There are 2 protein chains.
Amino acid sequence: MVDSRRVTLKDIARSLGVSVNTVSRALTDKDSVSEATRARIKAEAQRLGYVPNPMARSLVLGSAMTIGLVITNPSNPFYARLISAIEHRGRGYGYSLMLLVNEESPDGDQTAAQTLLRWGVDGALIVPAVQGDGEHWERLPESGIPLVCLNRDLPGLDLDCIGVDYELGAYTAARHLVEAGARTVCLLEEDLPISPVADRTAGFLRALTEAGLPAGADRVRSVPTRRRASLALPWEPADAYHLAQDIVRGGDLPDAFMVGNDYFALGVYRALTEAGLRVGEDVLVGGFGDHPFAAYLNPSLTTVALPAAEIGTSAVDLLVSRMRGQDDHDRADKRRLPAELVVRTSSRRDEQALVT
Amino acid sequence: MVDSRRVTLKDIARSLGVSVNTVSRALTDKDSVSEATRARIKAEAQRLGYVPNPMARSLVLGSAMTIGLVITNPSNPFYARLISAIEHRGRGYGYSLMLLVNEESPDGDQTAAQTLLRWGVDGALIVPAVQGDGEHWERLPESGIPLVCLNRDLPGLDLDCIGVDYELGAYTAARHLVEAGARTVCLLEEDLPISPVADRTAGFLRALTEAGLPAGADRVRSVPTRRRASLALPWEPADAYHLAQDIVRGGDLPDAFMVGNDYFALGVYRALTEAGLRVGEDVLVGGFGDHPFAAYLNPSLTTVALPAAEIGTSAVDLLVSRMRGQDDHDRADKRRLPAELVVRTSSRRDEQALVT
DNA sequence: CTGAAAGCGCTAACAT
DNA sequence: ATGTTAGCGCTTTCAG
């Protein structure tokens, strides 16, 4: 392989007998370059296969044309969709994406913050790890790097945050279960101290209270997440399966289960089926996430669809407007996009309606 | 917000009355700096909150300490796991990850190649888009940027490639179905001209041939992928559902279905169930991918587990060794990691065994 | 052991 | 319209 050094402005300049600077101006479409030379320069650049060096460019311009995305777990389908949307939208604006994974650990968070700071990204979208008091994040806005929180709020800092209205989503879902006839509903939630869990729990309990049903803390069960090799894996249906099994065996069987994510619903389905109970008839089930498989389970799963793409898209939009300094002095923007209940068979006690 | 310019070496130098360069040496742990001054410098750097600027560093060093990852679709769970593994391993080596999405289009590929080239990443892992003759990729190795193909081979170029042994995986799965009693097996595959599809098809047909069963091209059906808004979405079970429905209605019912990915299995399950057929008894089903839901379907899905994490990890290892120029003159490394058949209930005609 | 000088590739002043 | 100079932040000569 020939030692093919990158072609630089200097190469073009020399080859054409003009100054480096003229080449720069020609290529960046500044005026004050005659059309003739510009054409010659562009042609030569093309011929030589010139590719601008963003390092050098960023160094002098101070902008890297890069945004950072810090996420807990790319294998979580919700975050996967977020990544897709963000990459796409960011690319539309001309930004490259630097992806960092914190694996749900404060250490990972810290490292990510550090990396972002080093690179001097123009802005970052973050799903902060649990337990983070978030203090390491503070330095980024201080250094002029705008931050937008995704999905989870970071209570300490006054940051922009775009999430889901989990409270209303859970309220709607729980209310639906109650209207379908459930009297003793049990919520199975992830055992993480994060705002989505808290919000869903709140909405869930609100619906029960409103319906005059018992709404004690015992209606909510934390799924003991079996500590996996890495948290960078999707949720584990088995965890919910075991808990549901315990509940079923415990005798005090709820007539409906609501779960924090569709993967848990898989576990609940199995626990119920194995106990000879019919999902959607003996016991209703409602999920969260509207994973592609939800519509195809038997019975199909009633669940709450999350606006992942919208979150990603509007987060990039917001970030870009912050980066451009257009609303530097606005208050932090806390936005919660609506989630939508998708009613399917697992919550219809009577009808045997087939799903679309 | 105070105008907090980044702290630079110069700031530290001035504040301490030493030269910029001594600071640089102290901080990068070069020798030829007295322990005393080094300590003072490190302390001051700490105090001031110094963060090195990788742009400047890369500019002079020529290495960005960044690897690029080009992927067709982060929402595809297989690729999502790949991303997780690659980010993790790359981080272990100290590399940052630049994520690019080609959305299965040659244009996206071209753009990605261009971006990678601009940034001068140290190396890149790519899942090239279909139809790409791959010529735009050539320039990267030419510029000294090593490339490793993931999952799909790029026939044109002589690149390193780490994928899955889909042929053997499919062979094993098909053979298993035959041994379970299937005589007329039908393979449902994605309608993309990519090597994984070709390999699975080959393995599938080999198993049939070997068993003395009809192995004509009509045993393989292409799932007409409904053109979605964006290809950056997971597979659509509905596509397979419709095809399976057609097949069932066509009368010439196979006694087993094999599908190219577990999402298709969801569609097949529904088509069969709706036709009053019992999966795993009247008709066997085998999938590919071992998605988390596979074990939790009813009946649980026999499928082929793919070594996503291993691919990601070893791809990074290989890339790093290439970047270090350790085996610059080796021939391209074409590696196919083994996939593993996971037998569950959907392929057991008789036993009603419960899954673990 | 430390400092001074040069340069990575590019752009933005300031000339001309 | 073009060239010259300077500098982004850092590292690597080369002197001292």
Side-chain angles (χ1 to χ4, degrees), chain A residues 3-42 44-45 48-66 117-122 143-145, chain B residues 3-42 44-45 48-66 117-122 143-145:
Chain A
D3 167 70
S4 43
R5 239 188 60 274
R6 270 178 92 120
V7 178
T8 73
L9 288 187
K10 200 197 284 183
D11 297 321
I12 304 179
R14 189 175 27 206
S15 151
L16 250 43
V18 293
S19 84
V20 173
N21 196 313
T22 306
V23 178
S24 167
R25 278 184 300 223
L27 259 26
T28 49
D29 280 318
K30 296 263 193 310
D31 28 340
S32 68
V33 174
S34 79
E35 272 315 317
T37 48
R38 165 160 318 171
R40 278 173 58 222
I41 290 174
K42 288 204 168 176
E44 187 66 0
L48 261 32
Y50 169 74
V51 206
N53 181 335
M55 304 289 176
R57 191 162 213 279
S58 304
L59 186 56
V60 44
L61 257 28
S63 155
M65 281 312 280
T66 297
L117 206 53
R118 293 167 78 106
W119 277 100
V121 294
D122 297 313
S143 307
I145 300 177
Chain B
D3 166 71
S4 42
R5 239 186 63 274
R6 274 178 88 119
V7 179
T8 73
L9 289 186
K10 199 196 286 184
D11 298 322
I12 303 179
R14 189 175 27 207
S15 150
L16 248 44
V18 294
S19 85
V20 173
N21 171 337
T22 305
V23 178
S24 168
R25 280 185 298 225
L27 260 25
T28 48
D29 279 318
K30 295 263 191 309
D31 27 337
S32 67
V33 174
S34 77
E35 272 315 319
T37 47
R38 166 159 319 175
R40 281 173 56 224
I41 289 174
K42 287 206 168 175
E44 186 68 0
L48 260 32
Y50 169 74
V51 204
N53 181 336
M55 303 292 176
R57 192 159 212 280
S58 305
L59 187 56
V60 45
L61 255 32
S63 155
M65 282 312 280
T66 296
L117 206 52
R118 292 166 78 105
W119 278 100
V121 293
D122 296 315
S143 307
I145 301 177

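We use all heavy atoms of the structure for the numbers below, so side chains are in, but hydrogens, waters and symmetry mates are not. All values reported here derive from a predicted model rather than from experimental measurement.
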Practice task
Check every atom of C:dG7, C:dG3, C:dG9 against the side chain of B:Thr22 and return the nucleotide holding the closest atom.
Solution key: C:dG3
Exercise for the section: Name the nucleic acid region contacted by A:Thr28, choosing base, sugar-phosphate or nothing; use a 4.0 angstrom heavy-atom cut-off, strictly under. Expected result: sugar-phosphate
Handout entry: Atom pair distance, as rounded to whole Å: CZ in B:Arg25 and P in D:dC14
Key = 14 Å
Practice task
Would you please confirm or rule out a distance under 4.0 Å between OP1 or OP2 of D:dG7 and any side-chain N or O of B:Lys10?
Solution key: no
Practice task
Please state how far atom OH in B:Tyr50 lies from atom C1' in D:dG9, giving the value in whole angstrom units.
Solution key: 8 Å
Handout entry: side-chain N/O A:Thr8 vs C:dC8 OP1/OP2, d < 4.0 Å
Key = no
Practice task
Grab the CD1-P distance between B:Ile41 and D:dC10 for me, whole Å please.
Solution key: 13 Å
Completion exercise
Atom CE of A:Met55 and atom P of D:dG7 are separated, to the nearest Å, by 24 Å
Practice task
Provide the closest heavy-atom pair for A:Thr66 versus B:Trp119 in the form atom of the first, atom of the second, distance.
Solution key: OG1-CZ2, 3.2 Å
Practice task
Check the surroundings of atom CZ in B:Arg25: do more than 12 heavy atoms from other residues, nucleotides or ligands lie under 6.0 Å from it?
Solution key: yes
Practice task
When you get a sec, tell me which of D:dC10, C:dC1, D:dC8 is the closest nucleotide to the side chain of A:Val60?
Solution key: D:dC8
Exercise for the section: Check the distance between C:dG7's C1' and A:Leu9's CG and give it to me in whole angstrom. Expected result: 15 Å
Problem - Distance test, side-chain N/O of B:Thr37 to OP1/OP2 of C:dC1, below 4.0 Å - result: no
Exercise for the section: Please determine if a side-chain N or O atom of B:Arg57 lies less than 4.0 Å away from the OP1 or OP2 oxygen of D:dT11. Expected result: yes
Problem - Rounded distance (Å) that lies between atom P of D:dG9 and atom CD1 of B:Ile12 - result: 12 Å
Exercise for the section: Taking A:Arg57 for its side chain and A:Ala64 for its backbone only, find out whether a donor-acceptor pair lies under 3.5 Å. Expected result: no
Handout entry: N-O pairing of B:Arg6 and B:Asp11 below 4.0 Å
Key = no
Problem - B:Ser19 backbone acceptor or donor facing B:Arg14 side chain under 3.5 Å - result: no
Exercise for the section: Take the protein atom CG of A:Leu59 and the nucleotide atom P of C:dC8, then report the distance between them rounded to whole Å. Expected result: 13 Å
Exercise for the section: Taking only the side-chain nitrogens and oxygens of A:Ser19, find out if one of them lies under 4.0 Å from OP1 or OP2 of D:dT4. Expected result: no
Fill in the blank from the handout: To the nearest angstrom, the CG-P distance between B:Leu61 and C:dG7 comes to 17 Å
Practice task
Could you tell me whether B:Ser24 contacts a base, only the sugar-phosphate backbone, or nothing, with contacts defined as non-hydrogen atoms closer than 4.0 Å?
Solution key: base
Handout entry: Distance test, side-chain N/O of B:Lys30 to OP1/OP2 of C:dC1, below 4.0 Å
Key = no
